[in-house]
Amino acid sequence: MKFQTMGLIVKEQNIGEQDKLVHALTATNGIIKAFVRGAKNIKNQKCAATSLLTYSRLTVYKGRESYIIGDAIPERIFSKLRGDVVKTCLAQYFCELAITICPREQKADSFLSLVLNSLYLLSENKRSADLIKPCLEMRLASMAGYMPDLRMCRECGEYITPLMYFLPRIGALECADCRTDVSEPAIALNEGTLTALRHTVYADDDKLFSFALPKDDLVVLNAASESYLKYRFEKDFKTLVFYKTISS
């Protein structure tokens with residue numbers, strides 16, 4: 001079966017002397033793993049079009065057990081990210097998130113749009129990395145069916161208090177008065193950070209990145225989002241560990 005789709009290359013691997021194996025986040029089929037013949041030849045248009053962090057128009061052939069990209073035309077190459085080591089590492093983390101969270105064998109245009117917007121904002125310095133990252137983490141998880149319950153304290157129903165706790169293992173909130181089990185992992189949130197965490201989950205798509213938060217509160221917001229993903233997907237993201245190492 002042959003089809004055309006738009007896709008972002010989120011992983012590439014050399015196969016032999018001329019070919020590549022790539023993972024692409026596509027609008028029509030979600031995450032696919034596809035062979036690209038001749039893609040290591042710099043004279044071949046597919047070389048640039050199937051490189052990491054490139055958004056391309058893809059012609060794909062689907063077999064019983066594999067995909068093959070027959071043609072690829074680049075639409076946008078996030079070249080500015082490649083010139084900044086720290087941003088490149090964060091972008092690679094975004095790609096690892098996409099491979100882990102985004103659907104397979106089903107429509108994923110909303111996932112693709114979110115990842116592309118995140119890369120654009122990062123590339124063009126439209127928002128800080130510490131704001132983009134938790135927005136992408138929490139929204140991707142929520143879109144994939146892992147939305148935490150941030151509406152109120154799970155015990156008493158209180159909507160907001162000066163201090164509330166986010167429980168990343170179960171994806172819920174507790175107010176300070178209801179927090180009795182101190183063995184349950186928790187992250188303390190002030191009112192501003194709680195509002196921001198709710199925003200990453202519940203805000204309209206076009207307003208997702210439209211908020212501001214003091215630097216110290218952004219640190220807490222990132223801790224909350226990272227912890228939540230770690231528990232939900234039961235893994236340590238290697239690219240995140242490396243990003244935090246070189247950006248500290």
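Under 4.0 Å is where a charged nitrogen must lie from a carboxylate oxygen, and between Lys244 and Glu226 at least one such pair does. Checked for salt-bridge contact, Glu124 and Arg76 meet the test: a charged N lies under 4.0 Å from a carboxylate O. Looking at Glu96 and Lys238, no side-chain N of the basic residue comes within less than 4.0 Å of a carboxylate O on the acidic one, giving no salt bridge. Note on Glu158 versus Arg151: no salt bridge recorded, every NZ/NE/NH1/NH2 to OD/OE distance being 4.0 Å or above. Under 4.0 Å is where a charged nitrogen must lie from a carboxylate oxygen, and between Lys230 and Asp236 at least one such pair does.
Around CD of Gln106, the count of heavy atoms belonging to other residues, nucleotides or ligands within 6.0 Å exceeds 12. Residue Phe3 qualifies as enclosed at atom CZ: its count of foreign heavy atoms under 6.0 Å is above 12. The local environment of CZ in Phe211 is crowded, with over 12 non-hydrogen atoms from other residues, nucleotides or ligands closer than 6.0 Å. Atom NZ of Lys107 has 12 or fewer heavy atoms from other residues, nucleotides or ligands within 6.0 Å.
Of all heavy-atom pairs between Lys20 and Thr50, the closest is NZ-O, 2.9 Å. The two residues Ala98 and Val115 come nearest to each other via the heavy atoms CB-CG2, 4.5 Å. Here the shortest heavy-atom pairing between Cys95 and Ile9 reads SG-O, 4.5 Å. Taking every heavy atom of both residues into account, Leu136 and Ser118 meet most closely at CD1-OG, 3.6 Å. Met6 and Leu112 make their closest contact through O-CD2, 3.8 Å (heavy atoms, listed as atom of the first residue, atom of the second, distance). Annotation for Ser51 and Arg82: closest pair CB-NH2, 3.6 Å, computed over non-hydrogen atoms.
Contact check for Asp205 versus Arg139: side-chain heavy atoms found under the 4.5 Å cut-off. Looking only at side-chain heavy atoms (C-beta outward), Ile101 and Leu229 come within less than 4.5 Å of each other. For the pair Val22/Lys33, no side-chain contact is recorded, criterion being any heavy-atom separation below 4.5 Å from C-beta on. Using a 4.5 Å heavy-atom threshold, the side chains of Ser142 and Tyr202 count as separate. The side-chain heavy atoms of Cys89 and Thr239, taken from C-beta on, include no pair separated by under 4.5 Å.
Judged by a 6.0 Å distance limit and a 45° cone about the ring axis, Arg179 is positioned over the six-membered ring of Tyr165.
Counting only distance, with no hydrogens or angles, the side chain of Asp84 and the backbone of Val86 share a donor-acceptor pair below 3.5 Å.
Side-chain contact, Thr59 with Gln4: a donor N or O sits under 3.5 Å from an acceptor N or O. Side-chain contact of Ser183 with Asp181: a donor-acceptor pair under 3.5 Å is present, judged by distance alone. For Asn222 and Ser225, the side-chain atoms include no donor-acceptor pair closer than 3.5 Å.
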Take Asp71 and Arg57 through the salt bridge (charged side-chain N to carboxylate O under 4.0 Å, His left out) test and state the conclusion after the steps.
CA-CA 8 Å; Asp71 194 17; Arg57 186 178 303 276; over 6 Å; no
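Between Phe237 and Tyr93, the ring planes lie perpendicular to each other; the angle is over 60°, past the 30° to 60° tilted range.
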